[in-house]
Amino acid sequence: MNKKSETLFVSDLHLDDSRPTITSLFLDFLQGSARQAEALYILGDLFEVWIGDDDSSTPNPEVISGLHQLTRSGTPVYLMHGNRDFLMGHEFSSSSGCTLISDPTIIDLYGTPTLLMHGDTLCTDDKDYIEFRAMVRNPDWKKEFLGKPLQERKDIAKRLRNESKTSTQNKSIETMDVNQKSVEQVLKEYRAQHMIHGHTHRPDTHKFILNTKPAQRIVLGDWYRNGSVLRCTQMECRLETLNPNTARP
Ligand code: MN
């Protein structure tokens with residue numbers, strides 16, 4: 001079967017056993033339009049939380065199996081860590097068939113160099129978060145955490161989540177959005193004019209001028225109530241909403 005000349009991007013699905021409808025919507029998407037795509041990029045926070053590849057709680061096994069079926073059907077899936085699921089490791093990638101990519105990664109999107117990121121590292125006004133991120137992304141911290149029994153990891157993740165909820169309530173919307181200077185800095189560093197990221201849950205296309213040339217930042221949406229997919233072809237990139245109530249024929 002010939003794949004359509006279309007590349008798909010999603011992020012911030014936050015898959016979790018509390019929202020089975022969204023898990024089904026994603027599994028349908030994997031069996032539906034993703035099959036026809038040239039490639040699927042998942043730019044972080046596929047899962048609400050990931051505490052180790054040995055955690056087989058719902059919905060992890062069915063998501064792994066859905067991804068595996070897609071990759072086996074011939075659509076490559078590239079997966080970037082988000083701030084919730086940065087502990088996805090080699091076992092996850094081999095059982096799902098996904099290729100882990102680093103943040104940032106630059107790709108050639110139909111001739112346009114495009115920088116892919118999760119987006120959390122662009123939120124540089126949130127100093128507490130940047131500090132927290134440095135702690136948990138440290139290889140020693142990760143190794144120590146992953147060495148703990150599953151239940152203990154679950155408890156720690158829950159505690160960290162609650163602490164984060166409390167602290168984000170006290171932060172302004174501006175603090176938690178991306179910093180434009182940081183956006184421009186990383187684009188310059190990678191000599192790119194185009195960027196796609198998630199994390200902020202504010203789907204939009206931002207156009208601006210960088211180095212006297214047009215630049216563009218596309219923000220992917222979350223999958224809390226609906227699905228959000230960016231479809232890119234040679235001609236254009238389009239943000240689309242998937243409605244869980246529209247059953248697939
Ligand atoms: Mn995120």
Side-chain angles (χ1 to χ4, degrees), residues 8-19 22-23 25-26 40-52 55 59-60 63 67 77-89 92-93 98 100-105 115-138 141-142 145 156-180 182-183 186 195-206 217-230 239 241-242:
L8 306 179
F9 299 86
V10 297
S11 73
D12 303 283
L13 296 98
H14 294 270
L15 299 179
D16 180 66
D17 64 354
S18 69
R19 290 177 304 121
I22 292 296
T23 302
L25 183 66
F26 181 59
L40 168 64
Y41 286 85
I42 303 172
L43 300 185
D45 289 353
L46 171 61
F47 293 99
E48 175 72 5
V49 64
W50 193 265
I51 55 170
D55 179 17
N60 303 354
V63 174
L67 288 167
V77 179
Y78 301 98
L79 183 75
M80 187 179 279
H81 286 144
N83 50 304
R84 301 295 193 82
D85 54 12
F86 62 93
L87 290 170
M88 283 190 296
F92 176 87
S93 97
C98 296
L100 283 169
I101 56 172
S102 45
D103 181 359
T105 284
L115 196 59
L116 309 179
M117 301 180 77
H118 176 56
D120 54 330
T121 55
L122 297 168
C123 301
T124 44
D125 295 330
D126 190 348
K127 305 284 181 228
D128 298 343
Y129 172 69
I130 296 295
E131 204 176 293
F132 172 80
R133 189 183 193 279
M135 176 183 86
V136 298
R137 298 298 181 100
N138 180 301
W141 189 94
K142 289 200 274 191
F145 181 82
I156 295 172
K158 205 171 171 187
R159 182 169 52 77
L160 289 175
R161 183 65 206 124
N162 285 333
E163 283 172 12
S164 149
K165 264 187 196 154
T166 315
S167 84
T168 49
Q169 275 165 3
N170 300 321
K171 287 175 191 166
S172 70
I173 286 176
E174 291 75 29
T175 303
M176 289 168 54
D177 203 353
V178 303
N179 176 297
Q180 180 65 19
S182 302
V183 169
V186 68
M195 175 188 286
I196 300 171
H197 72 82
H199 182 65
T200 60
H201 302 189
R202 293 170 205 188
D204 208 345
T205 300
H206 301 270
R217 174 172 69 92
I218 300 180
V219 188
L220 306 171
D222 64 71
W223 285 55
Y224 281 146
R225 286 191 187 82
N226 298 293
S228 175
V229 180
L230 179 73
L239 273 167
T241 301
L242 305 182

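Order of listing sets the numbers, starting from 1, for every ligand and every atom in it. We number each residue from 1, following the sequence as shown.
With a cut-off of 2.8 Å, the Mn ion (ligand 1) has an N, O or S atom of N83 in range. Metal site remark for the Mn ion (ligand 1): D12 contributes no N, O or S atom at a distance under 2.8 Å.
Evaluated for a side chain to side chain contact (heavy atoms under 4.5 Å, CB included) with C123, the options T175, I130, T200 yield exactly one hit, T200.
Between the side chains of N83 and H118, at least one donor N or O sits under 3.5 Å from an acceptor N or O.
The ND1 atom of H199, the Mn ion (ligand 1) and the NE2 atom of H118 define an angle of 90° (nearest 10 degrees).
Looking at E131 and K127, no side-chain N of the basic residue comes within less than 4.0 Å of a carboxylate O on the acidic one, giving no salt bridge.
Residues F26 and I42 meet the side-chain proximity criterion, which asks for heavy atoms closer than 4.5 Å.
The Mn ion (ligand 1) sits nearest to atom OD2 when only the N, O or S atoms of D45 are considered.
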